[in-house]
Amino acid sequence: MVADSQAIQTRQLSKVYPGFFKSQQVPALTDLNLRVDQGQIFGLLGPNGSGKTTTIKLLLGLINPTSGDALVMGQPAGDQETRRRIGYLPEESYLYRFLNARQTLDFYARLFNMNRAQRRRAVDYYLDFVGLDPSVRGRRIGTYSKGQTRRVALAQALLNNPDLIIMDEPTSGLDPVGMLEIKNMIMRLREAGKTVVLSSHQLADVEDVCDRLVILYRGRIELEGALRDLLEKKDVFQLSARNVSEALQAKLSEVAAEGGATEVQTGRARVRLEDLFKELVARKRSGESR
Amino acid sequence: MFGLLQHIGPKLAGSGIALGTVYHPPSQHHYVSIFADVVIGLLILAFVLTAFRDIARLGRGISRAWAIGRVTISEAWNARMWAVPLVWFAICALLGLLIVRGYEPSGVVRVYMTIFLRAQALILLMYLGIMACVTLPRERERHTLVTTGSKPISRLELLLGKVMGLSAAGVLMLAVMMILTWGYMKVVDLKIRHDAQVLYAMQKKSYDNVLRRMPPDTGVKYISEHGVLQAQNYVTGKLSIAGYINYQTNPPSRLLKGGSSEVLYFEFPSLPATEYYRPMFDFQFQVVHALPSTKPVKIDVTLVQRSNPMNTQESTLTLNPAGQAIWMPKNPTSFFSYVNPQTGQMYNPGPVVVKVTCPEFGVYLGFGNGLRPPSDTACLAVSLDTSRTPHHSGMIAPKPNPVITGFKDNGKQEIVGPSIHHPQIKPEVASWDFKNLDQQQIPIGPNGNFTLHMVISVDKQSNEALPPVAQIVAYNTDTPRVRTTLSTYVNEKRITTIKLPSTLLGAGDLIVNLRSEVPGHWFKVKDDSMIIMQPPSSFIWNLFKSEMVILCEIVLIITIGVTASTAVGWPVAMLTAMVAYILGNLFHFVQSLFQSGGLELFDYVQDNRMKHIWYYKIGSFITNVMVHMLWVTVHLMPDFTRYNPLYFIIRSKDMPFEIVVLDMIWTLGCILPTLAIGYLLLRKQELA
Ligand SMILES: Nc1ncnc2c1ncn2[C@@H]1O[C@H](COP(=O)(O)OP(=O)(O)O)[C@@H](O)[C@H]1O
Ligand SMILES: [Mg+2]
């Protein structure tokens, strides 16, 4: 039995993309064991081609695993009823170019068997939510800018008020403001108790929002854990403070605790995720070249 | 068939006529259709077993499928689907204007409807067939299936959605095309009415002013009042040719009519080999029954080698008073199989056919059915010279049931009028059997009469100057002694109306017999040469039914296209759909190949020794397998020849609603296994 608190669990999940010759086969994912608890923001990191998208497609049942299995909300991946509770933002915004934003969302809402009133409400609500300029909503998506298309794709993923939201490179194609909005949105989703799985190779996206993350490299998990633990430097102590006078500054280095400083923060020094990631990839690469 | 003959034959025997037989080859290869049925049944079973969960969800799934369908329509609309009916209309209107000039009013409807409806079917089949083949592959290429596939939708719903969407597009376009057709025909009709009014007024004026002898044409008046857009309802009878029939043979056989286009075919599957280089043989003809029996009769015989129709021999034979003739073909070796004793080589020319025609008018010849009965009524047999061919002495009979083909064009048959030279020979009779008239609505005139409409053409062998006269004898099978007999002038190729008392209508069949009264005048008749008119129905309803038949065909090709594109890219899918359509149209052709035995020739070889050589065996085996595969394939394809939206409307006849319903049921029956294939192919497919 799978505890209901687990949104996703995979066991030895592997995917080899078929090729006519053995040399053409791509082992995109090897023995992936993943656990995502409900209510978590989960980051799926890895350089290009490390198997993030493959993992996500397997979780949605869009492709079939070569071996192993995956449970999503306690059901086998791809179960039709479970997909009612999932929202998916694809890596690129694969939408019908000949529909406008409203028609697009209306179509997807129909796939969730929403009635007319529900559809109208959901469509307007989520287009506002993702901040799509109202003046473009009646235009064909084929004419949209990349960022505008991305917003429609995002609205499409949230349309059914899903419990589990899977986002593949959510910030790609967005401007810095858009990125910030996405981050805020993810925080709001966390507050609403949703589970979010997001993949990215842009570490700044993930750094502030993720509870847990894995780093994939060539289809295998290289690093896994809570973000806080991963980024802590265990052997370094850090202190920062405000309103520090000249004298105190001098004294602080000797007796920090005795000083009259306010808002003293202490803690382990943190690496930047980007450094951690770079170091990991560099280590793997050098290991391979040896 | 023959039971029917036995039933009707004696009834008419008293009147000196009997019904003729029309040859229908027995259908063969039942096992192939059974095999096809089993395959289709297994397909549906596999579908139900694998898809039962998806099928169970269809209650709510249909609205999801329809969502997919709507997007598919949007896609088509965006690809300028709306232009298709407009282009169609432009082409048809132009073609119509160019072609229709100079037709009589009823011909105008025929031509317009042929152009408009054929073009509709053709354009929509092509357009929607192509759309069906590209819509899924295009979604795959554009990756829109990735997003759609992440939603709670099953593969079955996806498949159904595509079919539903394109079918709805077809409905939309057909509706527009129907309205355009209707509007156009309305305008045409107005013009025809106006022209008829003018013409009638002119005729009436010149008749009133005694410039014209004939009274104004009532037909023109009718058109000026009612127009030509009609959907007539009428009852047709089943035509039997009532010539002279020989009941001595079993089954009874129709006599060969002298001077007509009738040909009697005898087929010998293969004339068996003899051991001598030059076999001696002759064809012995024996006429069972000849009218008049006094005269020495000539027959033309032709021997044809089936594998090589250019290899023929002809001769004219004169029957002796006993009705016999013997023919020794000059160079028999090219028709007869034999063994060359020197080389041991076997020569086999394959099946041969003997065609018999009789050139003389007024002569009727009965050849029996080709079997050699124990009596002396043999019709045709090959007799071998017993002294030279000891192992094959005696007679060889052809295949039973020789075929008489006397059909002129359009399936019309001729009936011969009275003979000039032999008054004792009665003219032939065409007999129509109207069944179940008591269940039909038949308008009765004020005098208690109902109207029979007769359209026949007349072939004048002599007495060209005389107007053709027909004698009609009508009675009800319940009261065969109460007969109405009348003679009437025949309007050639036009409607001749005949009034009959309504007392003839009853629970039994109405029999109407027709014969020519003028010596040398032959009538050409077919099933609907004699009809009973009923109140007309509306033209637009008739048009609608024709469109429904087109729709059925379109939905079927859409299903085939979508199904084909689940597994392969669009070019191969289009090819598959096209092949399915072509094979589906060949259904009857391939069936006829098997039934007429035409495929025996595939396996035919002149030198029988060849048959034992290994490569011949392999080749023969492969041909055999391929021919049978073709046969099975054709049986697995839906029969597209079934859809005939034109048949009724171009005859201004109302299409019976049953035909539409049956076509729909049949289409569903074809769609189901097709969808099953599509589902099985799509079920485990990766959408990304
Ligand atoms: N359809 C496919 N066929 C063959 N190889 C594929 C296919 N899709 C992805 N791959 C390969 O699988 C590996 C993982 O791809 P992907 O999961 O898309 O990586 P990413 O982590 O960038 O999302 C890559 O090497 C990619 O080239
Ligand atoms: Mg990716």
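Below, read A as the first sequence line, B as the second, and so on, with proteins coming before strands; counting in each chain starts at 1.
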Would you compute the distance between atom CD1 of A/Ile63 and atom CG of B/Leu687 and round it to the nearest 0.5 angstrom? 10.5 Å
Side chain from CB out, backbone as N, CA, C, O: work out which of these in A/Leu99 comes under 4.5 Å of a heavy atom of chain B, or both, or neither. side chain
Atom [atom1] of [X] with >12 non-hydrogen neighbours under 6.0 angstrom:
X	atom1	result
B/Phe544	CZ	no
B/Trp88	CH2	yes
B/Met81	CE	yes

Considering only heavy-atom distances, could you tabulate the donor-acceptor pairs under 3.5 Å between chain B and chain A?
from: B/Arg57; atom 1: NH1; to: A/Gln80; atom 2: OE1; distance (Å): 2.6
from: B/Arg60; atom 1: O; to: A/Asn113; atom 2: ND2; distance (Å): 3.2
from: B/Ser63; atom 1: OG; to: A/Asn113; atom 2: ND2; distance (Å): 2.9
from: B/Arg64; atom 1: NH1; to: A/Asn113; atom 2: OD1; distance (Å): 2.6
from: B/Glu139; atom 1: OE1; to: A/Tyr96; atom 2: OH; distance (Å): 2.7
from: B/Glu139; atom 1: OE2; to: A/Tyr96; atom 2: OH; distance (Å): 3.1
from: B/Thr147; atom 1: OG1; to: A/Tyr94; atom 2: O; distance (Å): 2.7
from: B/Thr148; atom 1: OG1; to: A/Tyr96; atom 2: OH; distance (Å): 3.2
from: B/Gly149; atom 1: O; to: A/Arg83; atom 2: NH1; distance (Å): 3.2
from: B/Lys151; atom 1: O; to: A/Arg83; atom 2: NE; distance (Å): 3.1
from: B/Lys151; atom 1: NZ; to: A/Gln156; atom 2: OE1; distance (Å): 2.4
from: B/Pro152; atom 1: O; to: A/Gln80; atom 2: NE2; distance (Å): 3.4
from: B/Ile153; atom 1: O; to: A/Arg83; atom 2: NH2; distance (Å): 2.9
from: B/Lys684; atom 1: O; to: A/Asn64; atom 2: ND2; distance (Å): 2.8
from: B/Glu686; atom 1: OE2; to: A/Lys15; atom 2: NZ; distance (Å): 2.6
from: B/Glu686; atom 1: OE2; to: A/Asn64; atom 2: N; distance (Å): 2.9
from: B/Leu687; atom 1: N; to: A/Leu62; atom 2: O; distance (Å): 2.9

Over all heavy atoms of both residues, which pair between B/Gly149 and A/Leu62 is shortest? Give the atoms and the distance, please. C-CD2, 3.7 Å
